[in-house]
Amino acid sequence: QVQLVESGGGLVQAGDSLRLSCAASGGTFSTYTMAWFRQAPGKEREFVSGISRISGRTTYADSVKGRFAISRDNAKNTVYLQMNSLKPDDTAVYFCAASLSIVVHRTTQSYAYWGQGTQVTVSS
């Protein structure tokens, strides 16, 4: 069973960049498809980006396409989310999630393992 710990969140201004990290332990990291979700106050948790475990294929929500980039380092058991050109609408708690699926899914139900989340706040 894998444990996930996110880091890298913070308070930034619109247009700034942040890089989130998610460190995994307790499992074979390379066997997991990884994803980032986010949840803003009063809203449901939504898919942001994912990276598959075999092909490394990446998938993005339309709202972040062209601004965010997901990557993984299997040697470091870590997945990253590089966030550029941040907007106030990106303000949320960002969660890392892991699945044994071969492909990236956009639903929360597809992921069995979750981190505790890291807060990202973008001021205008």
Side-chain angles (χ1 to χ4, degrees):
Q1 182 170 341
V2 65
Q3 291 84 44
L4 305 172
V5 178
E6 303 95 334
S7 62
L11 171 63
V12 297
Q13 293 186 331
D16 286 350
S17 298
L18 274 178
R19 189 177 80 155
L20 305 184
S21 300
C22 173
S25 62
T28 304
F29 180 72
S30 61
T31 65
Y32 291 94
T33 285
M34 302 299 297
W36 288 95
F37 286 75
R38 67 186 182 187
Q39 188 166 19
K43 294 187 177 181
E44 294 187 352
R45 194 169 298 188
E46 65 174 2
F47 173 82
V48 175
S49 181
I51 184 165
S52 65
R53 65 183 177 98
I54 294 180
S55 67
R57 181 175 179 178
T58 58
T59 304
Y60 296 93
D62 288 344
S63 59
V64 306
K65 201 171 293 183
R67 299 188 297 123
F68 290 11
I70 190 171
S71 61
R72 66 189 297 162
D73 186 336
N74 289 341
K76 295 184 178 180
N77 294 344
T78 301
V79 62
Y80 304 97
L81 185 67
Q82 178 66 43
M83 306 187 294
N84 300 324
S85 303
L86 283 162
K87 305 175 181 179
D89 283 350
D90 295 319
T91 295
V93 177
Y94 283 71
F95 297 90
C96 175
S99 166
L100 289 172
S101 172
I102 293 175
V103 299
V104 172
H105 294 282
R106 296 173 180 256
T107 58
T108 57
Q109 296 92 326
S110 300
Y111 296 84
Y113 307 103
W114 293 85
Q116 82 290 349
T118 185
Q119 177 71 47
V120 172
T121 303
V122 184
S123 64
S124 57

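For the single chain, residues carry numbers from 1 onward in sequence order. Side chains included, hydrogens not; waters and symmetry mates left out as well; all remaining heavy atoms used. Just so we're clear, the structure is a prediction, and the values are computed from it rather than from any experiment.
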Donor-acceptor pair, side chain of R38 and main chain of V48, under 3.5 angstrom: no
From L4, V2, V104, residue fulfilling side-chain contact (heavy atoms from CB on, under 4.5 Å) relative to M34: L4
Between V93 and T118, does a side chain to side chain contact (heavy atoms under 4.5 Å, CB included) hold up when you go through it step by step? CA-CA 5 Å; V93 177; T118 185; 6.0 Å; no
Is there a donor-acceptor contact under 3.5 Å from the side chain of T78 to the main chain of A23? no
Report the C-alpha distance between R45 and F95 in whole Å, list the side-chain angles of each, state the deciding distance to 0.1 Å, and finish with yes or no for side chain to side chain contact (heavy atoms under 4.5 Å, CB included). CA-CA 9 Å; R45 194 169 298 188; F95 297 90; 3.4 Å; yes
Can you check whether S123's main-chain N or O pairs, donor with acceptor, with Q13's side chain at less than 3.5 Å? no
Are there over 12 heavy-atom neighbours, none belonging to I102, within less than 6.0 Å of that residue's CD1? no
Pairwise disulfide bond (SG atoms under 2.5 Å apart) hits with a residue in residues 33-89, at least two apart: none
Has the side chain of Q119 got a donor or acceptor atom that lies under 3.5 Å from a matching backbone atom of G9? no
Going by the side chain to side chain donor-acceptor pair (under 3.5 Å) test, which pairs reach into residues 16-32, not counting sequence neighbours? S17-N84
Under 30°, 30 to 60°, or over 60°: which ring-plane class applies to F68 and Y94, parallel, tilted or perpendicular? tilted
Starting from the C-alpha separation in whole Å, work towards a yes-or-no answer on side chain to side chain contact (heavy atoms under 4.5 Å, CB included) for C96 and V79. CA-CA 8 Å; C96 175; V79 62; 3.8 Å; yes
Could you walk me through whether L11 and V120 pass the side chain to side chain contact (heavy atoms under 4.5 Å, CB included) check? CA-CA 6 Å; L11 171 63; V120 172; over 6 Å; no
K87 with D90: basic N within carboxylate O range, under 4.0 Å: no
Between T91 and V122, is there a donor-acceptor pair closer than 3.5 Å when you use the side chain of the first and the backbone of the second? yes
